Amino acid sequence: MATEIEFNHDRFREAVLYISWKTREDDDFGRTKLAKVLFYSDLCRFSEQGEPLTGAEYKHWKRGPFPPALYGVEKELHDEGTAVGERLLPGHEQPRRLTLKILPDAEPPTPRDAVILYAYIEKIAAQPTWKASDDSHEHPGWMLTEGNETIPYHVAFFSQRQPTEADYSRAKELANKHGWT
C-alpha cells in the first residue's frame with residue numbers, strides 16, 4: 001500500500017522564501033523556474049530519504065510540473081507585505097517573479113535540504129526559462145501524465161537515462177537465463 005504524502009505548508013513557504021532570496025539578483029528567475037526548483041528538490045529528497053521536502057502536489061501543466069499551492073503562498077506573502085509579484089516583462093503575460101521586500105527568516109529544515117535546493121537553484125538559474133520548461137517535459141513524471149493530472153512522487157525512482165548497450169546485453173542475458181520471451 002502506498003504511503004500518503006502530506007503537504008507541509010510551512011516547509012513549502014520556507015522553500016519558496018529561501019529560493020526567492022537566493023535568486024533575488026537574477027531578473028530572469030520567475031515563477032516557472034521557481035516551480036522547477038521546488039519540483040526537482042521535492043523528488044530528490046523523496047528519492048534519498050523517503051519523504052519529500054514539502055509534500056506539495058505537482059500538476060502536469062503546459063510549462064511542466066507546477067505546484068498549484070504556489071499561488072496561495074505568493075498571495076499570502078504579498079498580503080502580509082513580505083513580497084511582491086512582478087511581471088518579468090512589463091505589459092506581457094510572462095511568468096511572475098516573486099520579489100522579497102524583507103530578509104526572510106526561513107531556512108531549509110536540514111543542511112542537506114539546503115544543499116538540494118541550492119543545487120537545483122544553480123542548475124535552473126543557468127538556463128533560459130524556455131529551456132528549464134522544455135527540460136521538465138523530459139522528466140518521467142511529466143511524460144507519464146497529461147492534462148491536469150497529479151505527478152506521483154514515486155516517479156523519483158524512475159531512470160532518466162537511456163539504456164546503454166551493456167543494459168541491453170544484460171537484459172538479453174537475464175531473459176535467456178530465465179526463459180523470458
Side-chain angles (χ1 to χ4, degrees), residues 4-46 51-137 139 141-142 145 147-151 153:
E4 183 72 25
I5 303 292
E6 289 188 35
F7 176 60
N8 186 320
H9 178 271
D10 292 339
R11 278 192 181 176
F12 187 81
R13 177 188 161 98
E14 289 167 2
V16 169
L17 286 167
Y18 181 80
I19 295 163
S20 297
W21 179 253
K22 291 294 186 185
T23 61
R24 68 190 179 278
E25 306 281 326
D26 185 348
D27 292 334
D28 188 44
F29 203 100
R31 182 186 285 145
T32 298
K33 287 185 174 185
L34 175 61
K36 302 310 168 253
V37 171
L38 290 165
F39 174 71
Y40 292 125
S41 297
D42 256 333
L43 289 182
C44 179
R45 189 171 192 271
F46 184 76
E51 178 183 35
L53 179 65
T54 73
E57 178 181 43
Y58 294 91
K59 297 287 194 170
H60 176 115
W61 283 6
K62 181 180 176 181
R63 290 193 177 106
F66 189 85
L70 182 55
Y71 290 129
V73 168
E74 286 177 338
K75 182 175 180 348
E76 181 182 307
L77 294 172
H78 180 269
D79 290 351
E80 69 188 33
T82 302
V84 294
E86 302 175 303
R87 296 267 176 221
L88 293 177
L89 297 172
H92 291 83
E93 288 298 317
Q94 292 292 328
R96 291 169 58 108
R97 172 181 164 68
L98 193 63
T99 303
L100 300 182
K101 295 169 77 174
I102 60 171
L103 174 67
D105 187 25
E107 285 293 321
T110 69
R112 178 63 186 143
D113 294 336
V115 169
I116 291 169
L117 284 165
Y118 194 72
Y120 285 108
I121 289 169
E122 289 287 298
K123 179 179 179 178
I124 300 299
Q127 303 174 330
T129 301
W130 67 266
K131 177 85 167 114
S133 180
D134 282 0
D135 285 354
S136 72
H137 295 175
H139 189 278
W142 196 86
T145 56
N148 195 32
E149 288 181 324
T150 297
I151 298 171
Y153 272 91

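In this text, all values refer to a predicted model and were calculated from it rather than measured experimentally.
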**Q** Among Phe39, Trp142, Phe66, exactly one meets ring-ring contact (aromatic ring centres under 6.0 Å, His included) together with Trp61. Which residue is that?
**A** Phe66
**Q** Search all heavy atoms of Ala132 against all heavy atoms of Lys33 and return the closest pair with its distance.
**A** CB-CG, 4.5 Å
**Q** To the nearest 0.5 Å, what is the distance between OH on Tyr40 and CG on Leu117?
**A** 14.5 Å
**Q** Apply side-chain contact (heavy atoms from CB on, under 4.5 Å) to Val73 and His9, showing your working.
**A** CA-CA 9 Å; Val73 168; His9 178 271; 3.9 Å; yes
**Q** Let me confirm one number: the CG-OG1 distance from Leu17 to Thr82, rounded to the nearest 0.5 Å.
**A** 7.0 Å
**Q** To the nearest 0.5 Å, what is the distance between CG (Leu70) and NZ (Lys75)?
**A** 14.0 Å
**Q** Taking all non-hydrogen atoms of both residues into account, name the closest pair between Tyr58 and Ala35 and its distance.
**A** CE2-O, 4.3 Å
**Q** Kindly give the heavy-atom pair with the smallest separation between Phe29 and Leu34, and that separation in Å.
**A** CE2-N, 3.6 Å
**Q** Hey, mind stepping through Thr32 and Trp130 against side-chain contact (heavy atoms from CB on, under 4.5 Å) and telling me if it holds?
**A** CA-CA 9 Å; Thr32 298; Trp130 67 266; over 6 Å; no
**Q** Please answer whether the main-chain N or O of Thr150 pairs with a side-chain N or O of Thr145 as donor and acceptor at a distance below 3.5 Å.
**A** no
**Q** Grab the two heavy atoms, one from Tyr120 and one from Val37, that are nearest each other, plus how far apart they are.
**A** O-CG2, 3.6 Å
**Q** Can you measure from CD1 (Ile121) to NZ (Lys123) and round to the nearest 0.5 angstrom?
**A** 14.0 Å
**Q** Pick from Asn8, Asp10, Asp113, Asp42: which one makes a side chain to side chain donor-acceptor pair (under 3.5 Å) with Thr54?
**A** Asp42
**Q** Is there a donor-acceptor contact under 3.5 Å from the side chain of Ser41 to the main chain of Leu38?
**A** no
**Q** What's the shortest heavy-atom distance between Phe46 and Pro52, and which atoms?
**A** CD1-CD, 3.6 Å
**Q** Asp135 and side chain to side chain donor-acceptor pair (under 3.5 Å): which partner among His139, His137, Lys131?
**A** Lys131
**Q** Say you draw a straight line from NZ of Lys36 to OG of Ser133; how long is it, rounded to the nearest 0.5 Å?
**A** 5.5 Å
**Q** Please walk me through it: do Glu51 and Tyr153 pass side-chain contact (heavy atoms from CB on, under 4.5 Å)?
**A** CA-CA 9 Å; Glu51 178 183 35; Tyr153 272 91; over 6 Å; no
**Q** Quick one: closest heavy-atom pair of Arg63 and Ser136, and the distance?
**A** O-OG, 3.7 Å
**Q** What's the spacing between Leu53 CG and Arg11 CZ if we round to 0.5 Å?
**A** 6.5 Å
**Q** Is Glu6 atom CD crowded by more than 12 heavy atoms from other residues, nucleotides or ligands, each under 6.0 Å away?
**A** no
**Q** So do the side chains of Val16 and Leu77 get within less than 4.5 Å of each other, counting heavy atoms only?
**A** yes
